[in-house]
Visitor: 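I have a structure here, written as structure tokens, and I will follow up with some questions on it.
Keep in mind that what you see is a predicted model, and the values were worked out from it rather than measured. Naming convention: chains lettered A, B, ... in sequence-line order (proteins, then strands); numbering from 1 in each chain.
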Amino acid sequence: MKHFILFVAVIFSGLFFAVLHKTEQGAVTNSLPTLRVFGYASFTGRWGPGPLLKEHFEKTCNCKVEFIEGSDSGILLQRLKIEGESLGADVLVGLDQFDISKALADHTWRKLSLNNLDVYDSVKPALNNSFFVPYDWGVLTFVTRRDELKKTPKSLDDLLDPEFAKKIALQDPRTSSPGMQFLYWILRSKGEEEGFAYLEKLMAQVHSFSPTWSTAYGLFTNKQAKMAYSYVTSPLYHEIEEKKKDYVALSFNEALPVQFEFVGIPDLCRNCTLGEKFVNLMLSPEGQKIIMEKNYMFPVMKGVMEGTAFAPLMNVRTLNEVEIMPSAEVDRLLRRWTEIRRGELN
Amino acid sequence: MSLRNGLRLALVLFLLFPFLFLVTQFGVSEVPDAGELLWAFKNSLWQASFSAVFSLMFGFWAALGLLSFQNSGRVKWRSILDILCLLPNFLPPLFILLSVLSVIEPFPMGIAGIVIVHTVMNFGLVAVLLAGIIENKLGGMIELAYVEGATRWQFLSKGLFPALQKDLLLLGLFIFVICFGSFAVPLIVGGGKGTTIEVLIYEKIRLSSNWGGAVLLALLQSVFIFTLSFVVSQGRTASRAKRTQMNLLKSPSGVFVVAAISFVYLYGYFEGVISGLAMTSTFYELQSTLIWNFVGSVVLGLTVGLLCYISLLWIAYCWPKQWFEKFLSGYVAPSTSLACFSLLILGPNEGFYPFIKIPFALVLLNLNALVRMGWSGELQALQSQMTVAYAMGASPAQIFKTILFPQLSERAGILAGIAAIWACGDFAVSRILAHHDLSIAMMTETLMSGYRLNQAMVLSTLIIVAGILCFVLCVGGSRVLRRKFTA
Amino acid sequence: MSYVENLQRDYGDFKIEIPSWEILDQGVTVLMGPSGSGKTSVFRILLGLEPCPGMKWNVNGTDLAKLKTPQRRLGVVFQTLDLFPHLTASENILFAARARNVDEDKARKRLKELSSELHMDSFLERSASVLSGGEKQRVAIARAIMGEPRLLLLDEPFSALDQELRGESRKLVKRVIETEKIPTLLVTHDPQDVEVLANKVSHIRNGRLT
Amino acid sequence: MFVAFFESVKYVGHLLPISFLRIFLGYYYLESAMQKYRGDFLTRPRIADQIAEWLPASHAPNWFKIFASSQMIPNWQTVAFIILGLEFAVAISYLIGYVVRPVALLGVLLCVTMLFVSGPGSEDLYKTFLAIHLILAWVGAGRCLGFDYYFFKRRRGLWW
């Protein structure tokens, strides 16, 4: 019996490796061209929009789509820089506005020739560079559970209320893009000096600064924190997938920051036209719908969201310009932020 | 150059590879801001020292509990406790963290918080290792003291602690090194003291793409630990004795410690699993992916186990050589992201290359932990036998085959099994090196990054299954090998 | 006769200085001294486990100091005996023969002889880890003799035994050394060892022969 | 080991004819498996299409139909992998005559499944194969011109 089990196990694991080897090799030797899309895990992963987009795209393109995952946009850019051509990335998905100046500094990108896109007004400012095009956007705010707070904060200053002491889950701006957005929000709505002064006071209110959005949000859903910095669309996830209606996004007197996610085609691309086609698919109504439903973000193009649960959420006041900060500036702000943290007592 | 010297050199080069590679690739450009560095260093140092001390304390106590289950009839209980102790080591740290946070209310952020979480994560490992050391090395002494009527306290203070001083120090150093390089935990619960050197390295890479600076930081970190372990590792560990009566050391309160700490990390975890179970239907469409990723986890775990087993025996073959010993006891792996990136640059990343590179990286990162966890002690205990055999004129191959291998194979199997468990739970390394989800741990992480925390918790139970499977296979395999080659 | 010349080593706080020393090539030479007198260091240097540049050790025309430990062909028993616990007594002894590439049949024959000489028949097939102290010691001596050494080196071999066994053991060892005709160097601090075994005694104190 | 391979002819020579049958069948399976491996059997949902096409008309018991349509079709990649693996296992086992008996039982399983999910064109073929697998299992065909002889000649049991 031992011999038998061993024998069958050996055959199967041999085949397993052979197949692994073959599927990757086959992709190259097969005459079909492969489009390599570089993205972060929650985009390309099974629950993200990636697989559906791939399915859609492969129906018409006579090619194969392959996703390459990285943990986040910072790491993706590093890989692109280090591996360069050998990486063979045709499309890069998931940069936000704070990554762009770094991306432009480190790499050369193909100009995207997009005709007049029928986008929402709040998206328009994000279109003014010719290398990256936004494919979705989200408005960031605090999310909380209904009835858990005695008082709902209406402005940033309300957050300093003792009721929320140690109950706010934030992200570390050094490692997470929503964290950076938060920092930016404060500085934009209060001005730099006052903003940092405010942050100093806020430190006492914060439960923790997590390295990633998912950790901060996990702390919140696990009821460690009463509110977390997230997207206005977050409650929709709970409503649609978990059938829980008690999550709400807070609205603030201050205009809320907008995060755009961009897609771009690096100059090193191998199947550049396919890449452009893929970008077009992402901006097409089908593509936008998939991205909206799977990523829980707003589509950039008009005509997809109307009539869905997403549409009403869009009506919040947002910062109406999109600033693409040079990376030196980002560095400087982060350094000041770190200074403040260093002053903390515990 | 003799074969053995060649092998020694090869191993040293393998372990130093990320440093050498990155230094040649990027050079060490700028000197980092001293104030920032000092601050991060201080944070790392404090949290790691306290974590080590507390892990040792609770680990020792728990080890006494483990020793209560020594008689043959209660072996089953012992292994359950062992598993409970080792569990926090291979669940994703976030789950432990969430669990700890939901039990301890209000949770003290800052150094205290980091120390609590680290203690919960590491006490069990200390307990299992210490129980092993006490059983293997001090049996006779305990019996003697028992017969002579020493009280427990007398025995502990006069006999056990002095005898184990060295082992305790080494274990402490081991935990210290683990905590010193920890990333996510300090960042989340560290409050203002959350910036450790590891965070600084990550920041240098991610934000300012300052590779030279990152390499320099990693080098500084390594040099510090290297000198530290030089200071600690003077002298010898306790020597071997036969297995005996442990009455004097049994302590049911230790079992209570295990139970209590296990409760701390399991409570929230089970809560999460249960609420996640309601949503398992999401997995229905994923059965085949699940199976593939499970196979992937097991394959990964076993490859790492096998490689670690080989490396450990490799070390044993090369053993008695002073500079080599010193190097191994002082060496500390470079930060995860640095090691991974250096592998990433090297050679292609498609096809089955991730299946080669990931185990390679994991061995690189974990080998020094395994050496600290008792391998060097084990080898030192056998040193006198090696000397005798050498004086008798036996060749290195002979010494290895008839003396070292039969006595070490099983122990190497256990250590390799632990490495396999770590490999099953890893997602940091594989996330960088793999192009898509290869293992359950990676899938868990993907789930977490898209709102689905509770499902991720459910899925992580499979990590435990895969980890235990790998562990059992490694230990069993090492036994079979020993029998095969010594018969 | 074998001569040791220029055995000198500086350990910083402690110095060994033996300009010349004679070890009998028949019977037992005892190196005696209190603990801390440097006798174990001398022992290790002779074995080649510690380097000692400039030393010469002439045994029947060959300079052993130039050879590496394995080539010196010395039989050794340490204070701790250091049997291989996972092997049986006979495997322990045969290991020495294999290490020196002694022919297998010859080794087995020799094992039989030694076994009856040292009264080991009753426990020859038992695992070394379960042997009693006296039994272990006999196995260790048999193992040292098995490799056909030029010289047998014993480092306090009786110290681990209790009083009664010691006497018996000394007699046994003496008999074996005599029948096997192996020159022996015994390192000890026990005057009784000298009484029973010694053909020549050298005293060592503070690293110097007196 | 290799001496034993041919030595077996001397002692269990009466099994020689059936060994050739075994080796032939092994060869056939190897061919078919290699063809599948080189082709797109693993990358396109061929097997799923096949099941969907023929299952309703087959003689399979009801539970099998339910199982096939609910589990096998959506997970066609795993199913294709298992089928291919089994074919390779059968092929190699038969060619070298190693652990033939239990593998023949796997072969039976494979044949029955294929019988259920294939059209009438190949029904006879699979039925014949089914019979051959059963006979090979019964006889223990690895004993002659095979490694089973070497490994298990001293402990003949139900499995060998």
Visitor: Counting only heavy atoms from other residues, nucleotides and ligands, does the tally under 6.0 Å from CD of Gln35(D) exceed 12?
Guide: no

Visitor: Let's go through Phe4(A) and Leu106(D) carefully: what are the C-alpha distance in whole Å and the side-chain angles of both, what is the deciding distance for side chain to side chain contact (heavy atoms under 4.5 Å, CB included) to 0.1 Å, and is it a yes or a no?
Guide: CA-CA 11 Å; Phe4(A) 170 60; Leu106(D) 285 186; 3.7 Å; yes

Visitor: What residues of residues 82-93 of chain D make heavy-atom contacts with chain A at a cutoff under 4.5 angstrom?
Guide: Ile82(D), Leu84(D), Gly85(D), Leu86(D), Phe88(D), Ala89(D), Ile92(D), Ser93(D)

Visitor: Would you list the pairs meeting salt bridge (charged side-chain N to carboxylate O under 4.0 Å, His left out) in which at least one residue belongs to residues 261-277 of chain A, sequence neighbours left out?
Guide: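 For residues 261-277 of chain A: Arg110(A)-Glu276(A).
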
Visitor: Within the supplied structure, the quantity of interest is the number of heavy atoms (other residues, nucleotides, ligands) at a distance under 6.0 Å from Lys294(A) NZ; does it exceed 12?
Guide: no

Visitor: Should the heavy atoms of other residues, nucleotides or ligands under 6.0 Å from NZ of Lys289(A) be counted, would the total exceed 12?
Guide: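 Atom NZ in Lys289(A) is not packed in, count stays at 12 or less.
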
Visitor: Quick one, His3(A) with Tyr98(D), criterion side chain to side chain contact (heavy atoms under 4.5 Å, CB included). Give me CA distance, side-chain angles, the key distance, then yes/no.
Guide: CA-CA 9 Å; His3(A) 280 255; Tyr98(D) 179 55; 2.7 Å; yes

Visitor: Which distance, rounded to the nearest 0.5 Å, do you find between the CD1 of Ile96(D) and the CZ of Phe7(A)?
Guide: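 Spacing of CD1 (Ile96(D)) from CZ (Phe7(A)) equals 5.5 Å.
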
